[in-house]
Structure formats: C-alpha cells, structure tokens
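First the structure, in the form of structure tokens, and then the observations on it.
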Amino acid sequence: MPQTATAQAFDALYRDRVNPQWVRLLDVLQMNVRYEHCSGAELFTTDGRRILDFLSGYCVHNTGHNHPAIIEAIQKELERQGPAMLQSHVPELAGELAGRLCSLAGGRLQKAYFSSSGSEAIEAAIKFARAHTDRAGLLYAEGAFHGLTCGALSLMGDPFWRDGFGPLLPDTEAVPFGDLQALEQKLASRRFAALILEPVQGEGGVRVPAPDYLRTAQALCRRYGTLFVLDEVQTGMYRTGRFLAAHHFDVEPDMVALAKALSGGLIPSGALLMSDAVYDSVYNSLHRAIVHTSTYSENSLAMRAGLAALDVLESERLAERALAAGDYLRGRLREVLSRYEMVKEVRGIGLLNGIEFQAPEKLRLRVPFEAFMKIHEGMFGQVIVMRLFRDKGFLTQMCGNNFMVLKVSPPLIVEDSHLDGFVQAVAEVVECMHSSPAFWSEALGLARRVLHI
Ligand SMILES: Cc1ncc(COP(=O)(O)O)c(C=O)c1O
C-alpha cells in the first residue's frame, strides 16, 4: 500500500478500535490533521501547513518537540543494550535523576519515587500521606485537576470527570482555592492526612494564588499535622520560570508530584519527591523494600530522557526564557486585548498563561453568546480554539475545568516572532468575535453539527 493509503487505513482502525468519539470531535472542530514532523514549537502537517504549538501537550513539551539532544541521549541508551527493565538490580540512572531532581527541588525533598504518569505520582502521594499520618482524610481545592485514576479523581470535584465512576475514595473534601479560613476550619478537625494543591491551578483556569496563600496554607498544615503536598505536574520543570512553582511562593512542601515535561516529551515518566520522614513511613524495613512499586517506573529510557531534559533546560537557560517570554507575552496580550468587553483578564506566571473571557454586556453580542451557552457551555471556547487553529495556525485549548479561559502555554524555547504572531492572531479572532456576525453564525453551525452527530 502507498504511504498515504496505509496511514488512512490505520486512521480508520483508530476510529474503529480505539476512540471513535475522539476522532469525531477532532473532525467537528476541523482539527483532524495529520502531523508529519514536529520540531521545537512547530508542527508540520502532511498537507503542507505549519502550526505553532501554544499548548505543548498540556505542558509536556517544555524543551520543544523532539529536541535533538534528548533524542540522541535516548538513542545512545537504546544502543547500549543495558538492563532496561530488569527489576532485579539497582538502576543507577534512577539514582542520578533522583539526585538532580531533589537538589533542584531543595527544602525537605530528599527522596524520589518514580512513576509512569502524573496520576500515578498522585496515587503514591495519597498512599504515602496516609501511611505517614495514620489518617484517612484528603483535602483538595475546588477546580483542581489531579488525574483520572480513581484516587486522583477522588481529589477532583467536577461531576463531568467523576459521574458514573463511583464510588470513589471516601474521606476526601474540597475547599475553595485561595480561601484560608475554609482551609483552617477543615484542618482543625485533624482528620486530614494531606492537603493536595496545584500551586497555580492549570485546568481550573490558570489561577495564580495571592502571594501569601501557599505559605499560610503550609503553616496551617504544619499546625494541624497535615502534609502539605503540591501537584507540580503542569507547573514543574521550569514552566513558570523556576524549577518548581513552589519556589516563587517560598514554600517547602512535604511532597511534590512531577510528570509531563519530566522526560522531554518522549518517554512517559513521573516522580513523587518527598521528605525523608515521609519516605521512612513507607519503606521502613527490609520487608517493605518494594511495598509500593510500578513495573515501568525506573526504566532506563525514561531516566535517561529525564537527565537529558534537565541538561537542555539548564544549558539553554529555559527558566530565564520562560520568565522573560511570559512577561513579554502577557504585556503584549494586555495591550491588544484590553479594549474588548468580552476579555476579562490576561494572567499567568512564566509561560503558563490564560486569557479569560466573559459574557458580553452589549445586547448585540449577548443574544448569540447566551444562545450558545444554552447549547453547551464549552462551545464558545471551542470556536476560538478552532479559529486559531484553522485560520491562524496556532494549536491551543480551553482549560479543562474552566471553559472561559484559553490556555496559552507554548514550549519554553518559543521565539519572540512566534509570540508576536500569536498576539496578532488572538487579536484578530477577538476582533472578529466582537464585530463580525460570521463568528457567531459559524459558531451556531458548529453547535448544530455537534448536536446532530
Ligand atoms: C496538574 C495535573 N496533575 C496530574 C495530572 C495527571 O497526569 P497524567 O495525565 O500524566 O496522569 C495532570 C494531567 O493533565 C495535571 O494537569
């Protein structure tokens, strides 16, 4: 079969055998293109288009797509033909990576447990917090996203993710993100093993907390014997301009979950960093040496990719780049978007940014907007995403738990010309939303297609 026919056949197999609904969704949004080559911030399609990635696989591609140094490191590891998943030896690369991660994280974080995903790191945090405190309760923040395995899902309130999968873990409770009074009320019961928070909520709408929120939350946790756990699956690995977002807020968590960008976007990997005290509560005897493990977790490809990703992040000074590019991007976006009534705020930290939209006041816009919201609350944002992709060549997405916030998180290697192009593209789409009936008629057409397929 020729190449394209083969690809089409596999496409059809994916449609039949893996996830037909996902393919239909991409079709409806006109985002079902075939990618031939991905490099840095650029994605090239088989039909000759260049798309700039301003989503980074939800903060996976901090070092950009297919970084040559990371590919080379993985290739060398494969060629070495070492003990990739022997499960009966001391994997020295896991030791080397753990050493580097712990020294970059600092504070109490002295040990690493490796996993193969972010959810799995959160599952470990749940178990370890319970083992350490001998308490069952788990506190999380409204709007949180911690992953879709049963334990992690128990730390998320949105019924969209939860419905139909219960009963989930008992003894989990939510507090509003940023509300210290509500937090203290819960903690004072001394029932909670851990407070698990994203330092900056990603899917909740890129919510950056007030400067003293995390520090005070940590102090309250210490007062009431609850572990202070940060989920840095999106915010870690320099995404916000520091190795951990925790470093912006001057906190020393008892555990930190990492994943996504940890291995350069090429090999699945996650990690839970923790204090010696937490570690000692779990692996506390020879008998319990392997009481919590996972087959793939310390595999040498993921560990080698993690080491290479750290080398790239450090040698290319991507922390500084994230800070400078983020400041520049937010400044430019505010400049061009502040005059539009449907833009509520541009916010973020480093290269984790969001543009929040709001319902319009003017009747001319309010009528189609409200019609739209009645059909589906996510539809409005999807039209923005679709237009940015199809008409302007930018891949973005709305936040998973807040459909009014457009996530803007390009790879940290993004160039100023890419940022300028994005600012212009967003400005044009927002102008069209405010002035052109075509924006709304196309949007209603999309809504109808969704309802009828
Ligand atoms: C903050 C956060 N935590 C945990 C997870 C779960 O990670 P994974 O999808 O690798 O299981 C995600 C995934 O998007 C996330 O954004």
Side-chain angles (χ1 to χ4, degrees), residues 19 22 53 55-62 113-129 138-158 160-162 165 168-169 172 174 177 194-209 214 228-240 243-246 249 253 255-273 294 296-297 299 302 305-306 309 348-354 396-403 405 407-409:
N19 190 341
W22 172 240
D53 184 358
L55 182 62
S56 301
Y58 299 86
C59 302
V60 168
H61 299 288
N62 289 7
Y113 163 78
F114 287 104
S115 64
S116 303
S117 70
S119 307
E120 229 189 297
I122 297 294
E123 297 294 327
I126 293 172
K127 285 178 68 177
F128 290 13
L138 299 162
L139 266 182
Y140 63 94
E142 288 170 8
F145 192 100
H146 293 298
L148 300 179
T149 51
C150 276
L153 185 56
S154 307
L155 306 176
M156 290 165 47
D158 191 329
F160 170 77
W161 302 109
R162 294 173 71 110
F165 297 114
L168 297 174
L169 284 185
T172 66
F177 186 66
L195 168 68
I196 300 172
L197 292 176
E198 296 157 84
V200 175
Q201 283 198 330
E203 297 313 309
V206 188
R207 296 173 71 194
V208 184
L214 293 174
F228 181 64
V229 180
L230 293 183
D231 176 346
E232 297 239 20
V233 167
Q234 284 205 29
T235 53
M237 306 301 290
Y238 298 108
R239 167 58 55 184
T240 68
F243 178 65
L244 299 178
F249 298 100
M255 288 190 263
V256 162
L258 293 171
K260 296 208 186 268
L262 176 57
S263 51
L266 288 163
I267 313 277
S269 189
L272 182 70
L273 309 182
S294 169
Y296 294 140
S297 64
N299 80 81
I349 178 167
L351 278 174
L352 182 58
N353 295 289
T396 58
Q397 211 14 293
M398 304 309 282
C399 293
N401 286 342
N402 188 339
F403 298 146
V405 179
K407 190 110 157 290
V408 185
S409 52

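The residues of the chain are indexed from 1 along the displayed sequence. Read the numbers this way: they start at 1 and go in the same order the structure lists the ligands and their atoms.
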Problem - CA sep, side-chain torsions, deciding dist, call: E203, K407, salt bridge (Lys or Arg N to Asp or Glu O under 4.0 Å) - result: CA-CA 8 Å; E203 297 313 309; K407 190 110 157 290; 2.9 Å; yes
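- With a 4.5 Å cut-off on side-chain heavy atoms, L352 and V206 count as touching.
- Of all the heavy atoms of E198, the ones lying under 4.0 Å from any atom of ligand 1 belong exclusively to the side chain.
- Heavy atoms of E203 come nearer than 4.0 angstrom to ligand 1 in no pair at all.
- Within ligand 1, the atoms closer than 4.0 Å to a non-hydrogen atom of H146 are 3 (N), 4 (C), 5 (C), 6 (C), numbered from 1 in the order shown.
- Qualifying salt bridge (charged side-chain N to carboxylate O under 4.0 Å, His left out) partners for K260, counting only residues two or more places apart in sequence or in other chains: none.
- Side-chain contact between F228 and L214: present, with at least one pair of heavy atoms (C-beta onward) separated by less than 4.5 Å.
- Residues V208 and F249 are in side-chain contact: their nearest non-hydrogen atoms beyond the backbone lie under 4.5 Å apart.
- Side chains of V200 and R207 form no contact here, defined as non-hydrogen atoms less than 4.5 Å apart.
- E232 meets the side-chain hydrogen bond (donor to acceptor under 3.5 Å, both in side chains) test with T235; sequence neighbours excluded.
- Close approach of ligand 1 to V233 (heavy-atom distance below 4.0 Å) involves ligand atoms 2 (C), 3 (N), 4 (C), 5 (C), 12 (C), 15 (C).
- Heavy atoms of K260 approach ligand 1 to within less than 4.0 angstrom.
- Residue Y296 places its OH atom among 12 or fewer non-hydrogen atoms of other residues, nucleotides or ligands, all under 6.0 Å distant.
- Among all non-hydrogen protein atoms, the one lying nearest atom 16 (O) of ligand 1 is Q234 NE2, 2.9 Å.
- Short contacts between ligand 1 and S117, defined as distances under 4.0 Å to a heavy atom of the residue, involve ligand atoms 10 (O), 11 (O).
- Nearest to atom 9 (O) of ligand 1 among the protein's heavy atoms is S119 OG, 4.4 Å.
- At a 3.5 angstrom cut-off on N or O pairs, D231 counts as close to ligand 1.
- Nearest to atom 8 (P) of ligand 1 by heavy-atom distance, out of A121, P268, G118, is G118.
- Heavy atoms of F145 approach ligand 1 to within less than 4.0 angstrom.
- Residues I122 and D231 have side chains in contact (heavy-atom distance under 4.5 Å, counting atoms from C-beta outward).
- At a 3.5 angstrom cut-off on N or O pairs, E120 does not count as close to ligand 1.
- Neither the backbone nor the side chain of A259 comes within 4.0 Å of ligand 1, counting heavy atoms alone.
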